[in-house]
Visitor: 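Next up is a structure, given as structure tokens.
In what follows, residues are counted from 1 in the order of the sequence shown. Scope of the values below: all heavy atoms of this structure, side chains included, with no hydrogens, waters or symmetry mates.
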Amino acid sequence: MKLFKIKDNSQQKKDAFSHIRNLTGKIADKTLKQLEREGVFVFPEIVKDAEDITQDQMILQSVNDTYRFGNVMGFIGYGDERLIIESRFCGEGEDYFFQYLLDKVLEFPSIVNLESDANQDNRLFNFLLFLFPYYLKAAMRKGLFKNYICHRYNDENVKGTIDVARHIAKNTPFVGNVAYSQREFSYDNSLMELVRHTIEFIKRKPYGNKLLIKVKDEVKCVIDATSRYEPYDRQKIIDQNKKNTIRHAYFREYLALQRLCLLILRHQKHQIGTGARQIYGILFDGAWLWEEYINSLIGDVFYHPMNKGGKGAQRLFDGNIGLIYPDFISRNSERRIIADAKYKPIDNIGNRDYLQVLAYMFRFDAKTGYYLYPEAVGTDSKKLWMNRGLTYEANVMPHDDISVIKYGLKIPMDAQDYSEFITRIKVQEQEFISIFSV
């Protein structure tokens, strides 16, 4: 295995990637949407109007003689070459911060040491399994998936199309029954059967029941709906779902669940990453994880519109024009604050970010805006006062009541183990949220 590690939001010379040149040749300057079509699993699923993770975002972007990396974390492989993308707060041989984000947002077990497992494909497979409860819950918010299926009957209550060949074979001599087929709108369809097979597969894992207990109500609904489930039908169900993917935009959550179930169930027969031409891997959007983590800290004092979920949409202008999703809007209407979660180094928060937050502040009559970002211990936050006046008139001076603040949560980087990291970051979290509690 040829292994190379990089950190998010950094850049390196292209020469450093020479021993994984086949992999870099496959992924360099390709968008996440392109990689997703080639077999890489991207979390969360790409939504066309999402701001933080877009179809045009790249893992490796060529800039002259260097590659630049964005907010994505995870790992990706091609043949025997593997690229691991760690958080920039990763220490020696560990990535406690990435592990902590997955634990807080997705309730992942501690499996994030990406190179500790002798079989890297098993590591990737575990990630897919632990994502299943999240995707099942998201899909089931739309209710059980219902679809037309064709049932075959042989009785005296003819309601559909008579199947002549089957009727002759089964009902000669004639005793009153007729063989016929009928299309019925049913919950027990190939997609729900696929989900059921995945549930039964996970149950047999040592940690399976513990994993599924998080979605016990959803699991019960699936089991109750799939009365035709038979273990030996698995391959037939897989083939049906490969041929008939979900197409309706309303059920995009079910499309993501369908894709995940297929990856999980096909793992045993076709090991992930086999085949000389196959790109494989799983990538996590660090910006989305960071935003959801921040919401877990300050959600009781801020509204949290969510563009990926389409919740809490706001408009810039009258007439339902100018769709916007500010990350956080304070619940205190007398001292309104706008906050924007940025999974960027402080120096990378620049002009476009300023314009966005200032537009939100103007829209919601807020005097103060915050950029909430992760920072290393020892880095200071920065307060910027809004200017007024013109250089042409030599009267530029700062407002004394309008400001934006780059406010960082300090991430411990030298913890001896994960338990120590949790203890230390809890202290930093309390300090971080204290300014919003007054």
Visitor: Roughly how far apart are Ile20 CD1 and Leu3 CG, rounded to 0.5 Å?
Guide: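 Going from CD1 on Ile20 over to CG on Leu3, the span is 8.5 Å.
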Visitor: How far does CG of Leu372 sit from CD of Glu291, to the nearest 0.5 angstrom?
Guide: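 That separation rounds to 10.0 Å.
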Visitor: Hey, is Asp224 close enough to Lys220 for a salt bridge, meaning N to O under 4.0 Å?
Guide: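 Looking at Lys220 together with Asp224, the answer is yes, because their closest N to O distance falls below 4.0 Å.
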Visitor: Quick one: is the NZ or CZ of Arg196 closer than 6.0 Å to the six-membered ring centre of Tyr229, and within 45° of its axis?
Guide: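 Cation-pi check for Arg196 and Tyr229: passes.
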Visitor: Return the CZ to CD1 distance between Phe97 and Ile425, rounded to the nearest 0.5 Å.
Guide: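 Reported value, rounded in 0.5 Å steps: 6.0 Å.
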Visitor: Describe, in one word, how the ring planes of Tyr96 and Phe421 are oriented to each other, choosing from parallel (under 30°), tilted (30 to 60°) and perpendicular (over 60°).
Guide: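 Tilted.
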Visitor: Other residues, nucleotides and ligands only: do more than 12 of their heavy atoms fall within 6.0 Å of CZ on Arg331?
Guide: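 Buried by this count: over 12 neighbours within 6.0 Å.
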Visitor: So is Lys406 actually on top of Tyr370's ring, under 6.0 Å and inside 45° of the axis?
Guide: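 The answer is no, since Lys406 fails at least one limit relative to Tyr370.
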Visitor: Any ion pair linking Arg228 and Asp233 (charged N to carboxylate O, less than 4.0 Å)?
Guide: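 No salt bridge links Asp233 with Arg228.
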Visitor: Would you kindly say whether Asp29 and Ser62 are connected by a side-chain donor-acceptor distance under 3.5 Å?
Guide: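 Yes, Ser62 and Asp29 have a side-chain donor paired with an acceptor closer than 3.5 Å.
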Visitor: Are Arg88 and Tyr343 in a cation-pi setup, meaning NZ or CZ lies under 6.0 angstrom from the ring centre and within 45 degrees of the ring axis?
Guide: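 Geometry flag: set, cation within 6.0 Å and 45°.
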Visitor: If you count the non-hydrogen atoms of other residues, nucleotides and ligands that lie under 6.0 Å from OH in Tyr207, is the total more than 12?
Guide: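 Enclosed: over 12 neighbouring heavy atoms sit under 6.0 Å from OH of Tyr207.
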Visitor: Is Arg234 salt-bridged to Glu200, cutoff N-O under 4.0 Å?
Guide: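 Glu200 and Arg234: not salt-bridged.
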Visitor: Taking 4.0 angstrom as the limit, do Glu253 and Lys142 come out as a salt bridge?
Guide: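 A salt bridge is present here (some side-chain N lies under 4.0 Å from a carboxylate O).
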Visitor: For a 4.5 angstrom cut-off between non-hydrogen side-chain atoms, does Glu86 reach Ile6?
Guide: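 Side chain of Glu86 against side chain of Ile6, heavy atoms only: no contact under 4.5 Å found.
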Visitor: Please find the pair of heavy atoms, one from Pro305 and one from Ile329, that lie closest to each other, and give the distance.
Guide: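 Heavy-atom minimum between the residues: CG-CD1, 4.2 Å.
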Visitor: Rounded to the nearest 0.5 Å, how far apart are CH2 of Trp290 and CG of Asn295?
Guide: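 Reported value, rounded in 0.5 Å steps: 12.5 Å.
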Visitor: Determine, for Tyr67 and Lys14, whether the Lys NZ or Arg CZ falls below 6.0 Å from the six-membered ring centre while staying within 45 degrees of the axis.
Guide: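 Here Lys14 passes the 6.0 Å and 45° test against Tyr67.
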